[in-house]
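This report concerns only the one structure given below.
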Number of protein chains: 2
Amino acid sequence: MPDTTPPEPPRAAGGGPLSYAVFQLARTHRGHAAAMLRAMNLHPGQELLLMQLYDRDGRTQAELLERVGLDHSTVSKSLRRMQEAGLLTREPAPHDRRVMVVHLTEAGRALREPITDMWRTLEEISVRDLTPEQIETFTACAYVIEESVRRHAR
Amino acid sequence: MPDTTPPEPPRAAGGGPLSYAVFQLARTHRGHAAAMLRAMNLHPGQELLLMQLYDRDGRTQAELLERVGLDHSTVSKSLRRMQEAGLLTREPAPHDRRVMVVHLTEAGRALREPITDMWRTLEEISVRDLTPEQIETFTACAYVIEESVRRHAR
DNA sequence: TACTTTTATGTGGCTGGCCAAGTAAATGGT
DNA sequence: ACCATTTACTTGGCCAGCCACATAAAAGTA
């Protein structure tokens with residue numbers, strides 16, 4: 001329920017139709033996700049780290065970092081707050097005292113189902129007014145675009 | 001150039017294919033936009049406010065707020081920083097001393113072309129590997145999805 | 001062995017973004 | 001005329017995210 005007023009696209013200064021659509025869609029999407037995450041006392045982004053740990057517990061901070069694609073400082077600070085919130089633990093690895101091994105706590109594991117439900121709900125809402133072919137095309141195009149942008153970025 | 005390593009989608013915990021694709025695409029998109037904006041000494045989000053002023057100068061802060069769809073505190077702080085950066089001026093309206101009227105400075109106007117170029121470049125890169133039909137379908141679907149999410153949010 | 005380089009992580013500083021609470025001015029009701 | 005309400009904006013607090021720099025430990029090299 002954050003904003004009931006849809007943003008207006010600027011006529012001037014271009015604003016590529018597709019790019020601007022991506023931008024606005026992502027904002028709406030993220031806003032709704034944030035509202036659902038707040039219900040489980042999570043901040044946006046934290047659920048991504050948890051999901052990687054659900055995939056495999058005991059990951060190293062560098063592994064998480066690479067998988068979520070964020071800056072290491074962002075991950076470092078988020079993990080510290082999540083540790084203080086009791087969602088996970090961070091212990092130095094015995095063989096290499098530089099690396100921090102991250103383990104889920106019981107409270108962290110308890111959020112697996114709510115997070116899964118959140119994503120499923122978001123997906124259901126998103127595809128509600130699309131045909132299966134549109135869903136397929138849209139998702140495929142999204143990956144093509146992402147790859148295109150990433151390839152051009154380097 | 002921020003991240004050359006593509007993020008890994010988490011297998012566990014669901015992660016709806018379409019929703020996750022939107023999430024990742026938006027991050028990549030925004031990252032590349034941020035890199036281009038940094039070249040003109042702009043921070044992400046500031047270009048949206050400028051674009052609304054290019055559409056029509058002398059807007060009120062409330063008008064900008066409604067059009068970009070952000071929180072009023074976010075707009076207030078961003079405008080203050082942009083004023084300090086010399087991009088715009090904020091003067092209380094004579095008839096209603098509550099409202100702040102925002103005007104572009106010469107430096108602010110000078111960024112119109114670079115910002116337009118930035119959006120055009122981003123658009124070109126995005127659609128490079130898509131057919132015109134795919135572009136049309138993708139953009140249309142994006143608006144359908146956004147409307148669907150927004151409708152469900154209230 | 002000692003020294004440099006790479007790797008893994010932490011910290012400071014800044015901005016974007018949200019919420020909640022506060023101020024100030026115009027509006028509306030009585 | 002008085003006072004409550006609405007409106008426009010500001011401020012403080014918090015977290016996400018980035019960059020730049022700093023630290024510590026492992027690995028490579030002379």
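Residue numbers begin at 1 in each chain, while the letters A, B, ... track the order of the sequences. On a predicted model such as this, the values are computed, not experimentally measured, just so you know.
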Problem - Under 4.0 Å protein heavy-atom contacts per nucleotide of nucleotides 7-14 of chain D, with B for base, S for backbone only and - for none - result: BSBBBBB-
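In terms of modelled atom types and a separation under 3.5 Å, the side chain of B:Glu47 and the main chain of B:Gly45 share a donor-acceptor contact.
Contact check, A:Gln46 against D:dA16: a side-chain N or O comes under 4.0 Å of OP1 or OP2.
For A:Leu79 and D:dG17, the CG to P distance is 11 Å, given to the nearest whole Å. The distance between atom CZ of B:Arg30 and atom P of C:dT15, rounded to the nearest whole Å, is 16 Å. The separation between A:Arg97 atom CZ and C:dA8 atom C1' is 14 Å, rounded to whole Å. As a whole-Å value, the separation of B:Leu70 CG from C:dC19 P is 11 Å. A:Arg59 places its CZ atom 17 Å from the C1' atom of C:dA8, with the value rounded to the nearest Å.
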Would you be so kind as to tabulate the donor-acceptor pairs closer than 3.5 Å made by side chains of residues 88-104 of chain A, with sequence neighbours excluded?
{"residue": "A:Thr89", "atom": "OG1", "partner": "A:His103", "partner atom": "O", "Å": "3.4"}
{"residue": "A:Arg90", "atom": "NE", "partner": "A:Gln83", "partner atom": "OE1", "Å": "3.1"}
{"residue": "A:Arg90", "atom": "NH2", "partner": "A:Gln83", "partner atom": "OE1", "Å": "3.2"}
{"residue": "A:Asp96", "atom": "OD1", "partner": "A:Arg98", "partner atom": "N", "Å": "3.1"}
{"residue": "A:Asp96", "atom": "OD1", "partner": "A:Arg98", "partner atom": "NE", "Å": "3.1"}
{"residue": "A:Asp96", "atom": "OD2", "partner": "A:Arg98", "partner atom": "NH2", "Å": "2.9"}

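Scored by the side-chain contact (heavy atoms from CB on, under 4.5 Å) test, A:Thr121 finds A:Met36, A:Ile125 as partners (sequence neighbours excluded). With sequence neighbours excluded, the residues satisfying salt bridge (Lys or Arg N to Asp or Glu O under 4.0 Å) with B:Arg80 are B:Glu84. In terms of the side-chain contact (heavy atoms from CB on, under 4.5 Å) criterion, residue partners of B:His43 (sequence neighbours excluded) are, by chain and number, B:Gln46. Scanning for side-chain contact (heavy atoms from CB on, under 4.5 Å) contacts around B:Asn41 gives an empty result, with sequence neighbours left out.
Comparing A:Ser78 and A:Pro94, the nucleotide of DNA chain D nearest to each residue sits closer to the 5' end for A:Ser78.
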